[in-house]
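Here is how names work: the chains are called A, B, and so on, in the same order as the sequence lines, proteins then strands, and each is numbered from 1.
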Protein chains: 2
Amino acid sequence: MRLNSKSRYAVMALADMASFIDNKPVSLRDISLRQSISLQYLEQIFLRLKKNNIVKSIRGVKGGYVLTKDASTLKLSEIFSALDENVKTTGCDNNSKKGCNGRSTKCITHNLWDELDVHINAFFENKKLEDLIKN
Amino acid sequence: MRLNSKSRYAVMALADMASFIDNKPVSLRDISLRQSISLQYLEQIFLRLKKNNIVKSIRGVKGGYVLTKDASTLKLSEIFSALDENVKTTGCDNNSKKGCNGRSTKCITHNLWDELDVHINAFFENKKLEDLIKN
DNA sequence: ATATACCCGACTAAAATAGTCAAGTTTACG
DNA sequence: CGTAAACTTGACTATTTTAGTCGGGTATAT
Ligand code: FES
Ligand code: FES
């Protein structure tokens, strides 16, 4: 099981922002340099974060991004869902009655993977952005 | 985060075997039919399981596979590692001192992903094959 | 004016995934 | 003995996902 780089970078970038507590906007260029993440990749990521109201943008010179909520209330699960990075270990469509094998009942492992999803999501639900900057 | 089909099928197939408690060998053909998994894919999977001593094989007519240990002691983590399906959410080489960004120190999110790995692995470590057949 | 910084859609090389194919070997059973 | 059932093994492939890049915008402080 891997984590994709978009999510990893998103958390990294937001943690970077949060560690500079002055509420001036932070430019992606700065994050890019400090964290060694491609600027153009960051732009892609922040578009998503913005659309999902995790950051807001200020355009023009001296512009950048600011967090819309405090790092102490921002959950990792919010960040992940903003990037469509959802945990899904089942092989079937969870919204359907059908199983991963195409049959009309769920397979013998379905409940296990369901439990696993819950287990992993709990981690993201309980972690706040703040938790990783007070290090 | 997804789970690959090899691991999912491996657990499914082993659970199938474990639910027939008579200790006669179970043929892949039977598992294939009961669980709707491609026979040839199962062969590939069981090669791995055999090499890692999770099952043993009996060749020839009336042959098949049998579990080498009891379902009550077989941990999911053993199955996963047999298939090289390891949890790894960090972006860096954990054995190296270097960070995911190529620098000489670990990045600001490294400890978080490390914690996540531990969290997920704990699930596989605590789950036994038996847990999913007494349903 | 102009440089800084966000905005956004399209594109792509490389890797991973989810299998299939083909050609064996071994052994129970009639 | 012959044969079918079942394991063994390596190679191959189509598709999808990943991890970005490219290129052309628009807004605004100075
Ligand atoms: S994983 Fe949902 S039915 Fe198999
Ligand atoms: S994830 Fe290990 S250094 Fe970034």
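The hydrophobic cluster containing Ile58(A) does not contain Val55(A), counting ILVMFWY residues as joined when their side-chain heavy atoms lie under 4.5 angstrom apart, directly or transitively. When the side chains of ILVMFWY residues are joined at heavy-atom separations under 4.5 Å, either directly or via intervening members, Val26(B) and Leu39(B) end up in a single hydrophobic cluster.
Contact annotation: Ser57(B) reaches the phosphate of dT8(D) (side-chain N/O to OP1 or OP2, under 4.0 Å).
Using a 4.0 Å cutoff on non-hydrogen atoms, no part of residues 84-102 of chain A comes near DNA chain D. Residues of residues 45-54 of chain B having a heavy atom closer than 4.0 Å to DNA chain D, listed by number: Leu47(B), Lys50(B).
Summarising the geometry, the separation between NZ on Lys62(B) and C1' on dA5(D) is reported as 11 Å, rounded to the nearest angstrom. Arg2(A) places its CZ atom 13 Å from the C1' atom of dT18(D), with the value rounded to the nearest Å. The NZ atom of Lys24(A) sits 18 Å away from the P atom of dT4(C) (whole-angstrom rounding).
Between the side chains of Asn126(A) and Asp131(A), no donor-acceptor pair is found at a separation under 3.5 Å.
Residue Leu28(B) has its side chain nearest to dC7(D) when only dT30(D), dC6(C), dC7(D) are considered. Listed nucleotides: dA28(C), dA6(D), dC7(D). Nearest to the side chain of Arg29(B): dA6(D).
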Under 3.5 Å, sequence neighbours excluded: what are the donor-acceptor pairs made by side chains of residues 69-76 of chain B?
unit_1: Lys69(B); atom_1: NZ; unit_2: Glu78(B); atom_2: OE1; d: 3.1
unit_1: Lys69(B); atom_1: NZ; unit_2: Glu78(B); atom_2: OE2; d: 3.4
unit_1: Asp70(B); atom_1: OD2; unit_2: Ser72(B); atom_2: N; d: 3.0
unit_1: Asp70(B); atom_1: OD2; unit_2: Ser72(B); atom_2: OG; d: 2.6
unit_1: Thr73(B); atom_1: OG1; unit_2: Asp70(B); atom_2: O; d: 3.1
unit_1: Lys75(B); atom_1: NZ; unit_2: Glu125(B); atom_2: OE2; d: 2.6

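Across all their heavy atoms, Leu83(B) and Ser7(B) have their closest contact at CD1-CA, 3.7 Å.
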Go through Leu129(B) and Leu67(B) one step at a time and tell me if the side-chain contact (heavy atoms from CB on, under 4.5 Å) criterion holds. CA-CA 11 Å; Leu129(B) 186 60; Leu67(B) 290 170; 4.2 Å; yes
Working note: Asn94(B) + Cys92(B), criterion side-chain contact (heavy atoms from CB on, under 4.5 Å); need CA distance, chi angles, decisive distance, verdict. CA-CA 6 Å; Asn94(B) 280 42; Cys92(B) 63; 4.1 Å; yes
Ile108(B) and Leu132(A): CA distance, side-chain angles, deciding distance, side-chain contact (heavy atoms from CB on, under 4.5 Å) verdict: CA-CA 7 Å; Ile108(B) 47 178; Leu132(A) 51 153; 5.9 Å; no
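A tilted orientation is assigned to the rings of Phe46(A) and Tyr65(A), their planes being inclined by 30° to 60°.
In this structure, Lys24(A) has no side-chain hydrogen bond (donor to acceptor under 3.5 Å, both in side chains) partners at least two apart in sequence or on a different chain. Residues satisfying the side-chain hydrogen bond (donor to acceptor under 3.5 Å, both in side chains) test with Arg48(B), not counting sequence neighbours, are Asp84(B).
A donor N or O paired with an acceptor N or O is not found under 3.5 Å between the base of dT4(C) and the side-chain atoms of Arg59(A).
Within the 4.0 angstrom heavy-atom criterion, no nucleotide atom of any strand lies near Val55(A).
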Treating primed atoms plus P, OP1 and OP2 as sugar-phosphate and everything else as base, which nucleotides of nucleotides 18-23 of chain C get B, S or - for protein heavy atoms under 4.0 Å? BBBBB-
